[in-house]
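Everything quoted here is computed from the prediction, not taken from an experiment.
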Amino acid sequence: MTSPVDPGRQRWLRLLPVAFVTYSLAYLDRSNFSIGVAGGMKEDLALSGSMSSLIGASFFLGYCLFQIPGTLYAEKRSVRGLIFWCTLAWGLLAAVQGLLHSAALLILVRFLLGAVEAAVLPAMVVFLARWFTKRERGSANAILILGNPITVMWLNAVSGYLVEMTSWREMFIIEGLPAVVWAFVFRALVSDHPSEAKWLNEPEKDALLAELAAERRQATPASSFAAAFRSRPVVLLSIQYLLWSIGVYGLVFWLPSIVAAGTGQGIGRSGLLSAIPFGVAALLMVLNSRMSDRSGSRVGYIWPWLLLGGIGFLLSYVVGPDHFWWAFALLVVAGGAMYAPYGPYFAHVAEILPRNFAGAGVGCVNTAGSIGGFVGTYLVGWLNDATGSTAASFVMMASSMVVAALITPLVGSGARSKEEQREAIA
C-alpha cells in the first residue's frame, strides 16, 4: 500500500512545472527576436538599427495596453481560460513572424504578440497566490520567473545554432508551435482554485484553504481601485520596476548582437556565450528566493542585487570593448545580479498591497515594467546605432539599475500594521 503524498508536495510537483513551462514559452516567443536580428533578419529585410529596435520594442506597446485589463479578468474570472487562449494566440503569432517580409507587418505582429502575452505574468502571480501561502510565495514566484533567465539561456544557445542550420525564418516557426500544443496541456492540468482540484488530497486541501482564509481575514481591503493606483507603494514599485526593466530588456534583446560584434564569432557561438549570464542568473534567483523565504524578509534581498547589477554595467562600460572578455565577465555579474531579486520582489509586491487589489497592483507594476522594456529595447539599439558603440547604452542601463536600487527602502518592508496599510491607500 502506498503512503499518501506529504502535505504540500502535490501542489509543488504539479503546478509549478506547469507555471514554469508556461512562462518559459512566453519568454521564448518574445525574446528570440534578438537572435533573429543577429542571425540575418536585419540584412535580409534591409532594416536599420533604429527600425530593428522599433520592431523589437513594439511588443511592449501591446504588452502595456492590455496588461491591467487582462489581469483584472484573471482576478475576477478565470486564469485557466485566459492563459489557454493567450498561449494559443501567442504561439501562432510567434510562428507568423517567420513568414513576413515587411517591417510594418512585423511591427503589427509584435504589437499583437505583446497584447496576448500581457496578462501572463500578473495572471500567473495571481494564480500562485491562490495556491500557495505567504510563507511559500517567494519560492513559488521564483520558480515561475526562472522561466525568464533559463529560457534566455537555452534560447541563446539553441536558437543561434538553429538559425545556422536553417534560417531565422524557420527558427521563428519552429519555436512558435510548441506554445500552440502547450495551451491544451495547460488547460488539462490546472484548476483555478484549490477547492476545484480533484487531484489534490483532502488533508492538503483543507490545510491550504484554512491558511489562505486566515491570510484573507488579516488583509485590509482597499476603498477602490482608483485609491489603490494612487497609493504610494504602487507608484514607487511601478517606477522601480520600470527602471529595472530598462536594464533587463536592454541586456536580453541586445546581448547576442553585442557579443557577436565583440568576438567576431558567428551567431551559434555568440548565442552560446550569451547564455552564460542567464545560467548564473537562474542559480542566484533560486538561492536568493530561498534565503528570503527562510528569513521572512524581502527588502534586504532586493536592493543590494539591483545595485550590484548597476555597478556591473558601469564597470563593463569602464573596461570597454577593447578588453572584451573582462567587459563580458562584468556583464555576467550584472546579468546574474539583476535577476536574483525577482522572486522576493513579486512576493513583496503581492504582500505589501491589500489583498483585494493585489492582482491589479501587480498588473500596474508589470505595466510600468513593460514601458521600461520598450525604453530599454528601443533606446539600447538606437544608442548603439547612433553612437557606433555600446558606451552610452551601458551608462543608461547602469544608471537605471542604481536608481531602482535606491527606491527600494522608500517602499517599506511590507510588514505593516492595518493602520499603516489604510494610510498607504488613503
Side-chain angles (χ1 to χ4, degrees), residues 24-67 70 85-120 151-152 154-156 158-183 249-250 252-257 260 266-268 270-271 274 370 373-382 384-385:
S24 293
L25 290 173
Y27 219 81
L28 166 67
D29 288 334
R30 82 173 65 167
S31 302
N32 59 4
F33 180 79
S34 62
I35 298 293
V37 170
M41 173 192 274
K42 185 176 178 181
E43 292 75 18
D44 290 351
L45 301 184
L47 303 174
S48 66
S50 297
M51 180 56 71
S52 298
S53 300
L54 182 60
I55 294 170
S58 60
F59 170 91
F60 294 100
L61 295 178
Y63 197 79
C64 176
L65 290 175
F66 290 90
Q67 183 91 184
W85 289 109
C86 286
T87 307
L88 196 62
W90 92 56
L92 293 171
L93 287 166
V96 164
Q97 292 176 106
L99 305 176
L100 302 178
H101 294 79
S102 161
L105 287 176
L106 278 167
I107 289 172
L108 175 61
V109 169
R110 293 289 298 176
F111 174 85
L112 294 174
L113 185 63
V116 297
E117 280 193 27
V120 173
T151 301
V152 177
W154 71 258
L155 89 83
N156 279 327
V158 174
S159 298
Y161 285 108
L162 190 58
V163 170
E164 287 190 346
M165 290 186 293
T166 58
S167 75
W168 60 268
R169 292 187 179 280
E170 280 79 4
M171 179 205 69
F172 280 129
I173 295 169
I174 292 169
E175 294 184 347
L177 295 179
V180 176
V181 177
W182 182 253
Y249 285 102
V252 166
F253 275 84
W254 294 108
L255 184 61
S257 296
I267 187 58
S270 298
S274 300
S370 69
F374 177 87
V375 172
T377 304
Y378 181 72
L379 278 187
V380 169
W382 181 83
N384 291 348
D385 195 42

Checklist entry - Roughly how far, to the nearest 0.5 Å, is CG of Leu25 from CH2 of Trp182? => result 7.5 Å

Next on the checklist: Quick one, Phe172 and Leu99 - any side-chain contact, counting heavy atoms below 4.5 Å?
Outcome noted: no

Item to check | Steps toward ring pair (Phe, Tyr, Trp, His ring centres under 6.0 Å) verdict (Phe60, Tyr249) | outcome: CA-CA 10 Å; Phe60 294 100; Tyr249 285 102; 4.7 Å; yes

Next on the checklist: Can you give me the closest heavy-atom contact between Ser50 and Trp382, atom names plus distance?
Outcome noted: OG-CD1, 3.3 Å

Next on the checklist: Tell me whether Arg169 contacts the main-chain N or O of Leu100 through its side chain, where contact means a donor paired with an acceptor under 3.5 Å.
Outcome noted: yes

Item to check | Non-hydrogen side-chain atoms of Met171 and Asn32 separated by less than 4.5 Å | outcome: yes

Checklist entry - Does the Ser370 side chain pair with the main chain of Gly373, one donor and one acceptor, at a distance under 3.5 Å? => result no

Item to check | Candidates Met41, Gln97, Arg110 - the one meeting side chain to side chain contact (heavy atoms under 4.5 Å, CB included) with Ile55 | outcome: Arg110

Item to check | Student check: side-chain heavy atoms of Leu162 and Glu175 closer than 4.5 Å | outcome: yes

Next on the checklist: Under the rule for side-chain hydrogen bond (donor to acceptor under 3.5 Å, both in side chains), what residues qualify as partners of Ser24, not counting sequence neighbours?
Outcome noted: Thr151

Checklist entry - What pairs of residues pass the salt bridge (charged side-chain N to carboxylate O under 4.0 Å, His left out) test when at least one of them lies in residues 54-64, not counting sequence neighbours? => result none

Checklist entry - With Ser52, which residues qualify under side-chain hydrogen bond (donor to acceptor under 3.5 Å, both in side chains), at least two apart? => result none

Item to check | pair Phe66-Glu117: side-chain heavy atoms closer than 4.5 Å | outcome: no

